[in-house]
Amino acid sequence: MIRSPYWIALGIALPLAGCGDGGEAGSMRNSAATQAPAPTASPAGTPRTLPAPIKTAAEPDRILACSAERGRAADRLVRICTSVSPATHPPCNVANSCAMIEDEIARSCALLGDDAATTPGCSVAPKSDAAAAAVVRRYYAAINAHDYATAWTQWGPDGRPGQRFADFQKGFARTRATSVTIGQVPPSEGAAGSVYATIPVTVDAQLTDGRQQRFAGQYVVRRVNDVPGASADQLRWHIDSAMLKPVAP
């Protein structure tokens, strides 16, 4: 397994819909645009900041609500979310994307530590390889719902290192829909106080002009290996690096 912090596939033809023009294989473009953070609730009930989606008069908020994506099943997801989240005002609402609600569930279960195993609603052990793969699934679920703020935080609470959120979001301007297929995940490995898991993926995407794209490769997700004093965010799985290459759809 490659341990360099951020190994990223470059040189892929743009637009890279599955990852965004500014995504894993895109260039780290500079832009004059700035992005103001929007407050949401933290597990302890104190505000945490997530980037707000860029909106213009011509393009209002178009995040796909969980209720629209899953119908009545969204209500069950919200009930699970509210049952495990310790936040005063958690993002457990059917008007939010399903990815955001699932991220709050995963975050809350991670805070429970060993107690998560006996907590209803925490069906995936927070430290398991299944939880590592779930980060990549949420990432693409958030992109598919146009919830780029939630996708951004799958790289960590401060988003993807070396890239501004505004550029990250712009990278998906021509992406209509995405889906990801997770391959066989090998056992995670520890190194230098962290645990790494390699997540093989095939990503299918549709551009706004109707073209189809497919990419194959892998993500590496990482978490701190129970180091004393580590924060809850450090103990959670997050995307560490990615390498994707175009393949024939």
Side-chain angles (χ1 to χ4, degrees), residues 1-12 14-28 97-100 102-103 106-107 110 124-145 147-163 165 167-169 171-172 175 177-205 213-225 233-247 249:
M1 182 182 296
I2 297 176
R3 296 295 185 214
S4 58
Y6 306 105
W7 50 285
I8 300 172
L10 300 176
I12 294 178
L14 299 178
L16 183 57
C19 308
D21 292 359
E24 287 70 34
S27 60
M28 301 293 190
S97 72
C98 295
M100 177 184 286
E102 289 174 338
D103 190 57
R107 190 161 62 94
V124 178
K127 299 178 183 179
S128 67
D129 292 343
V135 172
V136 178
R137 288 195 182 93
R138 277 197 305 276
Y139 180 63
Y140 281 100
I143 292 170
N144 195 55
D147 182 0
Y148 304 113
T150 296
W152 175 254
T153 58
Q154 301 313 299
W155 287 87
D158 297 321
R160 181 176 174 176
Q163 186 180 35
F165 173 72
D167 295 327
F168 175 81
Q169 180 175 345
F172 298 99
T175 303
T178 64
S179 64
V180 63
T181 300
I182 305 291
Q184 183 67 37
V185 178
S188 54
E189 301 177 11
S194 292
V195 180
Y196 295 82
T198 300
I199 315 297
V201 299
T202 301
V203 179
D204 289 288
Q213 293 184 327
R214 174 170 290 177
F215 303 90
Q218 62 188 34
Y219 282 81
V220 174
V221 298
R222 179 175 68 88
R223 66 176 178 84
V224 170
N225 190 15
D233 284 325
Q234 291 172 328
L235 293 170
R236 284 193 65 195
W237 289 108
H238 63 274
I239 298 172
D240 186 70
S241 59
M243 179 171 282
L244 302 176
K245 296 181 179 179
V247 296

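The heavy-atom pair separating M100 from D147 by the smallest distance is CB-OD2, 3.7 Å. Of all the heavy atoms in F215 and L244, the pair that sits closest is CB-CB, 4.2 Å. Between V135 and H238, the shortest heavy-atom distance links the atoms CG1-CA, 4.3 Å. When all heavy atoms are compared, the tightest approach of A242 to W155 is CB-CH2, 4.4 Å. In plain terms, the two heavy atoms of A131 and P126 that are nearest each other are CB-O, 3.4 Å.
T178 places none of its side-chain heavy atoms less than 4.5 Å from the side chain of F172. No side-chain heavy atom of D167 sits less than 4.5 Å from a side-chain heavy atom of Q169. Counting only heavy atoms from C-beta outward, the side chains of I182 and V136 approach each other to under 4.5 Å. In this structure the side chain of R223 never reaches within 4.5 angstrom of the side chain of L235, judged on heavy atoms. In this structure, the side chains of Y139 and I143 come closer than 4.5 Å at one or more pairs of heavy atoms.
Considering I199, V195, D240 as possible partners of V221, the one that fulfils the side-chain contact (heavy atoms from CB on, under 4.5 Å) test is I199.
From S241, atom OG reaches atom CD of Q218 across 8.0 Å, with rounding to the nearest 0.5 Å. With rounding to the nearest 0.5 angstrom, the CZ atom of R222 is 14.0 Å from the CZ atom of R236. Rounded to the nearest 0.5 angstrom, F165 CZ and R160 CZ are separated by 13.5 Å.
The salt bridge (charged side-chain N to carboxylate O under 4.0 Å, His left out) test applied to R214 returns D204, not counting sequence neighbours. Listed by chain and number, the residues in a side chain to side chain donor-acceptor pair (under 3.5 Å) with R138 are D103, Q154 (sequence neighbours excluded). Residues that satisfy the side-chain contact (heavy atoms from CB on, under 4.5 Å) test with A141, not counting sequence neighbours, are A99. A125 pairs by the side-chain contact (heavy atoms from CB on, under 4.5 Å) definition with S128, not counting sequence neighbours. Residues satisfying the side chain to side chain donor-acceptor pair (under 3.5 Å) test with D129, not counting sequence neighbours, are S188.
Ring-centre distance between F168 and Y148: not below the 6.0 Å cut-off.
The backbone N or O of G156 sits nowhere less than 3.5 Å from a side-chain atom of T153 that would complete a donor-acceptor pair.
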